[in-house]
Amino acid sequence: MAEPSKVIHVRNVGHEISENDLLQLFQPFGVITKLVMLRAKNQALLQMQDVTTAVNALQFYTNVQPSIRGRNVYIQFSSHQELTTVEQNAQGRGDEPNRILLVTIHHMLYPITVEVLHQVFSPHGFVEKIVTFQKSAGFQALIQFQLKQSAVTARNSLQGRNIYDGCCQLDIQFSNLDELQVNYNNERSRDFTNPSLPSEQRGRSSQPGYGDAGGVYGFQPPGVRPVGFPQMDNAAAIAAAFGGGLPPGITGTNDRCTILASNLNTDKIDENKLFNLFSLYGNIVRIKLLRNKPDHALVQMGDGFQAELAVHFLKGATLFEKRLEVNFSKHPNITTSAETHEYSNSNLNRFNRNAAKNYRYCCSPTKMIHLSTLPQDVTEEEIVTHLEEHGTIANTKVFDMNGKKQALVMFETEEQATEALVCKHATSLGGQMIRISFSQLQNI
């Protein structure tokens with residue numbers, strides 16, 4: 001064991017583990033004076049008030065394996081006797097004040113854009129520039145205030161708080177940059193001092209590359225209040241999260257989570273096929289086929305907004321030669337029973353990762369489906385063979401995106417594409433489980 005130190009080194013700190021989780025692990029032993037999350041390395045450094053309390057913590061966890069959210073973490077004394085700014089990552093300088101903040105957002109369920117960040121940080125002073133980007137540490141932003149004191153105030157007020165209740169937790173450091181360079185004013189970057197900047201480089205896609213933006217977590221540590229902006233619960237805030245406007249017909253104010261789907265084809269439908277379809281619009285908690293009404297089913301979504309997306313986009317869609325009726329149920333949730341299928345912990349829920357991107361891709365069923373997580377050596381012939389039982393395939397295209405094999409498949413009708421999606425999403429092709437979504441592209 002290394003020489004005792006009041007600084008404790010924690011390994012195997014997954015992205016699902018928050019600062020508050022670590023604090024709760026060590027607070028029983030004494031006061032914690034500093035905590036640095038090294039997200040890129042899945043590690044953390046934590047400084048106790050003195051060596052004695054650090055020794056007590058390590059002695060206790062020598063006999064008891066520390067575990068957070070089902071993940072074992074491993075602790076030892078750090079080679080550092082004190083935490084200084086050297087241990088911060090390359091862009092953060094910890095406690096040395098600067099007018100530019102480096103913000104990492106953990107447990108990111110809802111899309112976070114420049115507009116949302118501006119709403120959160122501007123009450124503390126004039127925000128000059130915001131740049132968002134995706135790193136191995138997760139979704140991050142650099143926020144430049146006009147005054148250093150404004151940045152200090154914002155960090156003191158917002159550190160560790162949530163933008164939305166139970167998710168999108170703010171992890172704030174001072175950046176070591178002196179000036180942000182902003183080239184475009186769009187949903188990912190903004191220079192509030194120069195509104196005349198172009199929105200995008202000519203010929204460049206406007207789709208954001210959020211990447212792995214974190215998981216869906218309902219954890220709220222005792223005594224820790226969310227940021228609690230009242231406007232974060234209304235349609236305007238959700239519209240801001242979508243870059244300024246919701247799809248036509250979406251209010252963003254629905255609070256009913258359970259959907260009644262009816263006029264189902266009882267010979268062909270089952271819970272997993274309903275899951276494959278409804279999970280395009282949010283996470284599924286549970287599904288129940290009604291035995292007394294065999295062509296009816298209840299689908300409980302993760303929240304009211306996801307339920308509204310599903311009702312809006314699926315109402316009137318055709319599946320297995322039946323026109324679906326999709327409405328909000330009078331039941332607030334589905335009671336767990338032998339007849340319900342549980343999906344709350346399913347790793348097939350699409351919004352556990354890339355939530356921001358998935359929201360932006362929500363649409364009604366189309367003739368075109370998008371296939372991802374394909375084997376690298378897959379051929380168009382293998383894809384056609386896998387899908388052709390569901391209808392006439394008009395066109396296909398296999399391509400590489402960021403080194404990963406993907407495909408577009410166009411059917412003659414939306415109904416055929418919908419059937420292929422509900423039957424073949426999460427099936428195996430070439431030894432890999434494939435993912436299928438609707439594409440909004442009109443042709444290949």
Side-chain angles (χ1 to χ4, degrees), residues 207 261-281 284 287 289 294-295 297 299 310 313-326 341 343 346-351 354 357-358 360-444:
Q207 272 297 349
S262 58
N263 200 34
L264 303 172
N265 187 323
T266 55
D267 294 328
K268 296 184 178 181
I269 201 67
D270 60 36
E271 290 89 348
N272 289 337
K273 290 173 183 174
L274 284 172
F275 172 89
N276 288 346
L277 182 60
F278 280 83
S279 65
L280 289 166
Y281 308 100
I284 307 299
I287 296 177
L289 291 175
D295 66 337
V299 180
F313 286 119
L314 289 179
K315 188 182 287 287
T318 303
L319 176 62
F320 299 128
E321 302 174 348
K322 294 277 192 175
R323 184 178 173 88
L324 295 181
E325 283 296 326
V326 185
H341 281 228
Y343 294 96
S346 173
N347 59 8
L348 296 178
N349 266 319
R350 301 171 190 251
F351 287 70
N354 295 343
K357 186 164 65 175
N358 285 328
R360 293 173 184 274
Y361 290 160
C362 287
C363 64
S364 296
T366 67
K367 299 178 184 179
M368 185 97 70
I369 56 174
H370 174 257
L371 286 73
S372 57
T373 63
L374 292 166
Q376 280 301 112
D377 58 352
V378 73
T379 64
E380 286 194 32
E381 289 75 18
E382 289 171 325
I383 293 172
V384 169
T385 300
H386 193 65
L387 299 173
E388 62 185 354
E389 66 179 287
H390 302 293
T392 303
I393 295 175
N395 203 355
T396 61
K397 179 182 180 181
V398 179
F399 58 96
D400 283 299
M401 179 68 72
N402 298 324
K404 297 179 180 179
K405 193 70 71 174
Q406 302 186 21
L408 291 168
V409 177
M410 176 177 275
F411 284 86
E412 278 196 344
T413 67
E414 294 169 2
E415 181 183 354
Q416 292 172 357
T418 304
E419 180 180 321
L421 185 148
V422 301
C423 293
K424 291 303 196 303
H425 173 66
T427 59
S428 178
L429 176 60
Q432 285 192 212
M433 185 179 289
I434 63 172
R435 173 189 171 105
I436 305 179
S437 305
F438 290 116
S439 171
Q440 298 180 50
L441 295 176
Q442 299 300 308
N443 48 58
I444 299 176

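With a 4.5 Å cut-off on side-chain heavy atoms, Val398 and Thr379 do not count as touching.
Counting heavy atoms of neighbouring residues, nucleotides and ligands inside a 6.0 Å radius, atom CD of Gln376 exceeds 12 of them. Within a 6.0 Å sphere centred on NZ of Lys268, heavy atoms belonging to other residues, nucleotides or ligands number more than 12. The number of heavy-atom neighbours closer than 6.0 Å to NZ of Lys273, taken from other residues, nucleotides and ligands shown, is above 12.
For Glu321 (side chain) and Leu319 (main-chain N/O), no donor-acceptor pair under 3.5 Å exists by modelled atom type. Side-chain atoms of Thr373 come within 3.5 Å of backbone N or O of Met433 as a donor-acceptor pair. A distance-only check finds no donor-acceptor pair linking the side chain of His341 to the backbone of Ile287 [under 3.5 Å].
Sorted by first and then second residue, the pairs that involve residues 399-412 and meet salt bridge (Lys or Arg N to Asp or Glu O under 4.0 Å), not counting sequence neighbours, are Asp400-Lys405.
Of all heavy-atom pairs between Phe411 and Ala420, the closest is CZ-CB, 3.6 Å. The two atoms that bring Phe313 and Cys363 nearest to each other are CD2-C, 3.5 Å, heavy atoms only. Counting all heavy atoms, side chain and backbone alike, Pro294 lies closest to Thr266 at O-CG2, 3.3 Å. Here the closest heavy-atom approach between residue Arg350 and residue Asn276 is recorded as NH2-O, 3.4 Å. Considering every non-hydrogen atom in both Tyr281 and Ser364, the closest pair reads OH-CA, 4.3 Å.
Checked by atom type, the side-chain pair Thr427/His386 shows a donor-acceptor distance below 3.5 Å.
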List the steps and the verdict of side chain to side chain contact (heavy atoms under 4.5 Å, CB included) for Thr418 and Phe320.
CA-CA 9 Å; Thr418 304; Phe320 299 128; over 6 Å; no
Please report the C-alpha distance between Tyr343 and Leu348 in whole Å, then the side-chain angles of each, then the deciding distance to 0.1 Å, and finally whether the side chain to side chain contact (heavy atoms under 4.5 Å, CB included) criterion is met.
CA-CA 8 Å; Tyr343 294 96; Leu348 296 178; over 6 Å; no
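Residue Ile436 holds its CD1 atom at 4.5 Å from CG of Leu371, rounded to the nearest 0.5 Å.
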